[in-house]
Every structure is written in structure tokens, then in C-alpha cells.
Amino acid sequence: MLSTFANPQRFMALSAWAAPTALALAALLFAIGLPWALIYSPADYQQGETVRIMYLHVPAAWWSMGVYAFMGAASFIGLVWRHVLADVAARAAAPIGATFAGLCLVTGSLWGAPTWGTWWEWDGRLTSMLALFVIYLGYIALWNAIDDEDRAARLAAILCLVGLINLPIIKFSVDWWSTLHQPASILRAEGSAIHASMMGPLFTMAGAFLSLFVGLLMLNMRSAILRRRVESARLRAGAT
Amino acid sequence: MSAFAATFKRELGLMWAGGGALAPLGYFLGATMLVPLAMGPERALLEAAGPPLVWIAAALAILATLERLFQADLEDGSLDQMLLSSAPLELLVLAKGAALWCVVALPLALAGAPAAIALQAPIERVPTIVASLALGGAAFIGVGLVGAAVTAGVRRGGVLIALIVLPFFAPPIIFGAAAASGEDVGAAISILAGCALGAAALGPIAAAAALRLQAE
């Protein structure tokens, strides 16, 4: 199953229509989700209108971790089965994940200023999220520093797998250090703690972020594959 | 086991010949000296900020030793010899880390005592500070082995190593500085020891995997 999609030729054919489809779906979901979240959803009884930042903050936080987990899986596949496409996917995902992590930090800070009365607080969740952002930057920098792409891919994959240790720390940070950031309110044993009227826009926005990631990922991968082809063609032209 | 001992001895000799802990110690003391200059010599302020700042100076001093850790082995062919050896590379990397701990981290931990006293830490807390620095050094080196291994082929990789390694320094810094500041010392030292053991156990495995790729 895996090897069916691991063929770059087949991937190029598939992504030629799948990437625009995913981006169109993202545009549609944003077109529904943004007005729903920012205008038509109810204001919170305590937080008032500021709660609307959550509809950007929470999906960005979820998918910054989701993208890292995806990179971890791609790195593992790239290391074990030496699939070029897995290496390309891990590298292509990193800037998107870093942007989501940065968006999560910025929106959280904007929300914290009126709600908590501080732009930043060194609690477990915020600190581990900042660590995730820095790990993304280190991963991208390592890729850029090594010229040999195969070696860069595998060294970056090792770094990515080591960094996976941060994901459970982020998830459970609110339980281990009970400080300012609120604990889990959606994935809980007792059922979700947020009102159903807020679930709709939240999950629409989460879906929009996911489609955006999938679309951008495929675009990034396509340009990486095309760049490799151009380079190898140039090498062949130079050799003859 | 003899391969471990031989590598350990060789690395001790090499590191000692390369100046030992002199440069990291100088870096450490220089960095701590700047603290009261920047903050002003107020006693109450230094008492609170001193132990954490000693910790940060020690972390940066160890970080500065990582860049060259595997580069010389890669350049002069020692790494190929290590790969040819019948001993697992993980064990040899562990020996290198242990040697670095003895030559750099241990003297830094001991230098933490005068540094902490100069920053007005209470005398009775100094043994805890030294012990926490010794444990923290092991955690930093375990993580640092991975950073040094993945960047071994990069010219002037110092900034890159820092970017890669510093987020993983966070857990030992949190609990180490807490122990050094005298907050809940028993629990903090236990978690710090856990960080050190985990990093010393897993770091060489990941570092060896990266070094095998470097030698290809």
C-alpha cells in the first residue's frame, strides 16, 4: 500500500489534482469557518469577544503538533525504508508546521494580554510550545546546512525522531504543571467541556487548517521533486 | 568493555592535551562575572538570581565544547576506525561522552561552588548546587552528543548546534536550577537524575546512528 504512493511519478500525477483540490477545500472551509467563528458564534460568558481568537489558536496548536507527528512518521519511513518521497515530505512539512507553531504562540499571546493580563507567562504549556517552535527552526536549519541531500535527510530524520519526545510533554504539560494555561477541554474522559455551539466553528477551522496543510505540503513536495529533476538533468547535460 | 576503557583513556588524553577544562572554565567564570556587573551587586537580587545564572553559564560552557567533539574524528579517519572496531559504536560514543564529563563537566560543577558563593548563595546550599551541576552536565552531554553528531559534517556549525540542542536543555535546566535555588530539592534532584540517565542512555544511540551516516 505504502509503496504505491512512494513512487514520485505516481505522486506527481496524483498531486497535480489533489493539491489544488485540498487548497480549494481549505478556501471553502475558511469561507465558512471564519465568519462562523468570528461573527456568528456566541461570545463567551466570561471571556466575551476575545474567545474568538481561540478558533485560530487551537487549530494552529493542534496542527503544529500534528504536523510534527507527521514529520516523525515520514522520518521513520525515510530512515527504515529509504523512501525518497518520505524525506521530501518531512522536509516540505517543516516550514508549514513552524508557521502553525508561530501562529499558535502569537494568537495565544494576543489572547493572553486581555484575558490573563499578561502577554507571556512561563508555564509548562507555553514553554513546551516555544520549544516545539525552536525545534522546528533547528530542523530546518540542519537541512539547509548539509549539502548532500540524502545525508541531510537522514540526519534531519534522526533529529526529528529525538524531538518527538516534546509532543507528550506539550500534551500533558497542563496536567503536570497546573498553572495558567487551561487544562484539556475537548479530549477528556468525562466528555468535552466546551459548548456545542462552539464545537462547530472550531472543528470547521481545524478542518480548514488541515486542508491547508495537505495542499501546501503537496505543493512544497512537488516543487522539491521538480527541483531535483532539474538538478539531475543539469548534471547529465554537464556530463555529456 | 576494554574497547570502552581504551576509548575513554584515549579521549581523556586528547581532551587533556587540547587544554582540558581550561577554556570552558574560563568561559564559565567570565560569564558569571558579568552577572553582577549587569544586575548590580545588590545582595537580595543576586541571592535569588545567582544559582539559576550559574546553571545557565555552565550549560553554555558545555555547549561551547560540543562543536569540535566529532569533527576531528570525522576528518582524521578515527571515526572509520571506530566503525571497523568490533565494539558497538554506541559504546564508544558513550565513552567519549563520559570522558567529556570527566574533563569538562566535573571541573565546571566544582567551579560552580566559588561562583555560587561569589553570587551570594548561602553556604549550606553550595553542595546541592555542585551536585546538581554534576548531574546536569551529564544530561547536557547526553543531549549534546546527538547535536554534535548530526552537525559533525557542517563547517562552523556552532550556531546550528546551539539552535538544535538548546530546546532539549530545557528539562534539566528547569529542574536543575530549581534544585540549585533550594525549591523542593529532593524531587528536583530526582527528576534531574532521571533526565541525566535518560540522556546518557538514549543520546549515544541516536548519536551513533547519525555518525554512521556521517562516515558513509
Side-chain angles (χ1 to χ4, degrees), chain A residues 64 68 72 75-76 78-80 82 87 90 94 97-98 101 105 122-170 172-173 176-177 179, chain B residues 52 63 67 70-71 74 90 93 139 142-175 177-178 183-184 187-188 191 194-195 198-199 201-216:
Chain A
S64 67
Y68 198 90
S75 297
F76 184 77
L79 270 181
V80 175
R82 307 260 157 126
D87 297 342
L105 291 170
W122 289 100
D123 90 343
R125 176 58 67 86
L126 276 68
T127 309
S128 51
M129 198 65 208
L130 183 63
L132 179 68
F133 183 61
V134 179
I135 289 173
Y136 268 123
L137 296 186
Y139 176 87
I140 297 169
L142 182 64
W143 258 107
N144 293 340
I146 302 171
D147 294 328
D148 179 353
E149 285 211 9
D150 285 337
R151 183 173 295 171
R154 274 174 253 154
L155 289 170
I158 291 173
L159 179 64
C160 180
L161 292 178
V162 172
L164 279 178
I165 194 170
N166 193 30
L167 290 190
I169 295 182
I170 297 178
F172 295 111
S173 58
W176 294 340
W177 297 278
T179 46
Chain B
L63 181 67
E67 183 182 352
F70 293 116
Q71 277 184 351
L74 190 62
E90 287 79 1
V93 171
V143 173
L145 288 172
V146 184
V150 294
T151 57
V154 180
R155 302 250 156 255
R156 287 183 293 279
V159 181
L160 182 61
I161 291 194
L163 177 56
I164 287 175
V165 163
L166 283 177
F168 297 99
F169 275 15
I173 285 262
I174 292 172
F175 297 106
E183 301 162 19
D184 215 348
I191 300 178
C195 293
L202 300 177
I205 297 174
L211 287 174
R212 288 203 182 89
L213 299 172
Q214 299 283 13
E216 265 174 18

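What you see is a predicted model; the values in this text were computed from it and never measured. All values below were derived from every heavy atom in this structure, side-chain atoms included, with hydrogens, water molecules and symmetry-related copies excluded. Letters go in sequence order (proteins before strands), and every chain restarts at 1.
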Practice item. Indicate the atoms forming the closest heavy-atom contact of B:Pro167 with A:Ala131, along with that distance. Key: CB-O, 4.0 Å

Practice item. Please name the pair of heavy atoms, one in A:Leu155 and one in B:Val150, separated by the smallest distance, quoted to 0.1 Å. Key: CD1-O, 3.6 Å

Select one option (side chain, backbone, both, neither) describing which atoms of [X] are under 4.5 Å from chain A's heavy atoms.
X        : result
B:Leu160 : side chain
B:Val146 : side chain
B:Ala170 : neither

Check your understanding: Between A:Val162, A:Ile146, A:Asp147, A:Leu161, which shows the greatest number of heavy-atom pairs under 4.5 Å with chain B?
Key -> A:Val162

Spacing of [X] atom [atom1] and [Y] atom [atom2] [to the nearest 0.5 Å]:
X        : Y        : atom1 : atom2 : answer
B:Gln214 : A:Asp148 : CD    : CG    : 10.0 Å
B:Leu213 : A:Ile158 : CG    : CD1   : 5.0 Å
A:Leu142 : B:Leu163 : CG    : CG    : 9.5 Å
A:Ile135 : B:Leu166 : CD1   : CG    : 11.0 Å

**Study point:** Interchain contact, A:Leu132 with chain B, by part (heavy-atom threshold 4.5 Å)
**Key:** neither

Exercise for review: Answer yes or no: is there a side-chain heavy-atom contact under 4.5 Å between A:Asn166 and B:Phe168?
Suggested key: no

